[in-house]
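The residues of the chain are indexed from 1 along the displayed sequence. Here the structure is a predicted model, which is why all the values come from computation and not from measurement.
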Amino acid sequence: MGYARKVGWVTAGLVIGAGACYCIYRLTRGRKQNKEKMADSGPGDVDDVGGCPGARYNDWSDDDDDSSENKGIVWYPPWARIGTEAGTRARARARARATRARRAVQKRASPNSDDTILSPQELQKVLCLVEMSEKPYILEAALIALGNNAAYAFNRDIIRDLGGLPTVAKILNTRDPIVKEKALIVLNNLSVNAENQRRLRIYMNQVCDDTITSRLNSSVQLAGLRLLTNMTVTNEYQHMLANSISDFFRLFSAGNEETKFQVLKLLLNLAENPAMTRELLRAQVPSSLGSLFNKKENKEVILKLLVIFENINDNFKWEENEPTQNQFSEGCLFFFLKEFQVCADKILGIESHHDFLVKVKVGKFMAKLAEHMFPKGQE
């Protein structure tokens, strides 16, 4: 009886695996590989999380261009000799027939207009493959398929109802950085949904720890920052990151330009919430933070950082909170802003910046800061 049960489980696993592999094969056939793009600031579908744009994950692009390196094998007739005019025309007709045949097969396999969209049954097979397989390359292909489908609003509900959230989140424990990155991208696309965010909140601490401890500027770290940014679009779960704000400032100071921008997006979300103002001011900031205000730094980095400081400055009632200011420790962001003359020396150093908008922003920030640092009646 035990032997029959084992045979039954093995047979079921092979059937599910074969079905899921076919789904992935149909998705990847004739597509360019390894061209992942997260258009987190570009146009996308709008879901129900505060009207935030859905992050599109597009791993492939159409390969109708003849220059594609990964086209399917095309059979050419024997008279299509290379180097002759008749041969060139014959080869072009053969390529066209192959393209039409491939599209016809894809259309029959999937009635949707976009052949990358899987049916609920096919999604279930791919999720089973994610749950059962231990092969990194299989997991990577399955997660790419899920990531593409999670870019569509209607599929986010389907994947959640199929139990996809815990199935994919379990992959975060892997040590394979490529597989972990793909899992984070899937969760990022799924997180542009209020109900999905409510269920994904239990993984925020793990994602936060993995993001902070990952190799600096790595793709895993960037994918984790994108997921945390999506999870903080609304104010509901921002408090879960309160103890990690100092680490985000550290990543901002040490990271490359791409990491800086992604951390800034996360900090901007936090700075717009008045309830997070004190947590931001308590955060320890590296001494090198002030050195970012120089002519060599990227203009957009300076402007976004100034917007963060302005939001914090506007949300914090300096006069009302004066009795509790001794609760802030040395080296925190509060003292970075409180020490007006030091802050002025660092920021006014870019008054000669060649960009007019930077000059205006610096002047506006310094005027606001001076108003709070020197209340009326003090000169």
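Remark: side-chain polar atoms of Asn230 are paired, donor with acceptor, to backbone N or O of Asn188 under 3.5 angstrom. In this structure, the side chain of Asn273 does not engage the main chain of Asn269 through any donor-acceptor pair within 3.5 Å. Listed for the Asn193 side chain is a donor-acceptor partner under 3.5 Å among the backbone atoms of Asn196. A donor-acceptor contact shorter than 3.5 Å is absent between the side chain of Gln284 and the backbone of Ser246. A donor-acceptor pair is defined here as one N or O able to donate and one able to accept, closer than 3.5 Å; such a pair exists between the side chain of Glu122 and the backbone of Ser119. Checking side-chain atoms of Thr174 against main-chain N and O of Ile171 turns up no donor-acceptor pair under 3.5 Å. Judged purely by atom type and a 3.5 angstrom limit, Thr167 uses its side chain to pair as donor or acceptor with the backbone of Gly163. Between the Lys304 side chain and the Lys265 main chain, no donor and acceptor come within less than 3.5 Å of each other. A donor-acceptor distance shorter than 3.5 angstrom exists from the side chain of Asn149 to the backbone of Ala145, with no hydrogens or angles considered. Between the side chain of Asn315 and the backbone N or O of Asn311 there is at least one donor-acceptor pair closer than 3.5 Å.
In plain terms, the two heavy atoms of Leu216 and Leu251 that are nearest each other are CD1-CD2, 3.9 Å. Closest approach of Glu279 and Ala242 over heavy atoms only: OE1-CB, 3.8 Å. Closest approach of Leu146 to Ile159, counting heavy atoms only: O-CD1, 4.2 Å. When all heavy atoms of Ser133 and Leu139 are compared, the pair lying nearest together is O-CD2, 3.8 Å. Nearest approach of Phe335 to Ser329, heavy atoms of both residues: CD1-O, 3.3 Å. Of all heavy-atom pairs spanning Gly147 and Val186, the tightest one is N-CG2, 3.6 Å.
Here the side chains of Arg226 and Leu222 are in contact, with some heavy-atom distance below 4.5 Å. Annotation: side chain of Cys332 is not in contact with side chain of Leu281 (no heavy-atom distance under 4.5 Å). Between Asn217 and Glu258, the closest side-chain pair of non-hydrogen atoms is not below 4.5 Å. At a threshold of 4.5 Å between non-hydrogen side-chain atoms, the residues Phe252 and Leu289 count as touching. Between Phe261 and Asn298 there is a side-chain heavy-atom pair separated by less than 4.5 Å. Contact of the Leu172 side chain with the Leu187 side chain is registered, since non-hydrogen atoms from C-beta on lie closer than 4.5 Å. For the pair Phe316/Arg278, a side-chain contact is recorded, criterion being any heavy-atom separation below 4.5 Å from C-beta on. With a 4.5 Å cut-off on side-chain heavy atoms, Leu241 and Met204 count as touching.
Residue Asp209 qualifies as enclosed at atom CG: its count of foreign heavy atoms under 6.0 Å is above 12.
Taken to the nearest 0.5 Å, the CZ atom of Arg160 stands 12.0 Å off from the CG atom of Asn155. For the atom pair Leu303 CG and Lys299 NZ, the distance stands at 6.5 Å (nearest 0.5 Å). For the atom pair Asp161 CG and Leu123 CG, the distance stands at 11.5 Å (nearest 0.5 Å). Rounded to the nearest 0.5 angstrom, Leu190 CG and Ile185 CD1 are separated by 12.0 Å. The distance from atom CG of Leu225 to atom CD of Gln262, rounded to the nearest 0.5 Å, is 6.0 Å. Atom CD of Gln121 is separated from atom CD1 of Ile158 by 9.0 Å, given to the nearest 0.5 angstrom.
Residues Leu162 and Leu200 share a hydrophobic cluster, clusters being chains of Ile/Leu/Val/Met/Phe/Trp/Tyr side chains in contact below 4.5 Å. Val220 is not connected to Ile178 by any chain of hydrophobic side-chain contacts under 4.5 Å among Ile, Leu, Val, Met, Phe, Trp and Tyr, and they are in different clusters.
Under the salt bridge (charged side-chain N to carboxylate O under 4.0 Å, His left out) criterion, Arg198 pairs with Glu195, sequence neighbours left out.
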### Message
Let's go through Leu333 and Phe249 carefully: what are the C-alpha distance in whole Å and the side-chain angles of both, what is the deciding distance for side-chain contact (heavy atoms from CB on, under 4.5 Å) to 0.1 Å, and is it a yes or a no?
### Response
CA-CA 10 Å; Leu333 182 62; Phe249 274 108; 3.9 Å; yes
### Query
Going through the distances and angles, do Phe154 and Ile117 end up as a side-chain contact (heavy atoms from CB on, under 4.5 Å)?
CA-CA 11 Å; Phe154 59 87; Ile117 302 177; 4.2 Å; yes
### Task
Take Met276 and Ile245 through the test side-chain contact (heavy atoms from CB on, under 4.5 Å) and record every step on the way to the result.
CA-CA 10 Å; Met276 292 297 296; Ile245 297 176; 4.0 Å; yes
### Query
Would Gln327 and Arg282 satisfy side-chain contact (heavy atoms from CB on, under 4.5 Å), going step by step from the backbone distance to the final call?
CA-CA 9 Å; Gln327 297 178 2; Arg282 287 194 184 103; 4.3 Å; yes
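For Asp210 and Gln221, the side-chain atoms include no donor-acceptor pair closer than 3.5 Å.
Identified under the salt bridge (charged side-chain N to carboxylate O under 4.0 Å, His left out) test for residues 230-249, with sequence neighbours left out: Asp247-Arg250.
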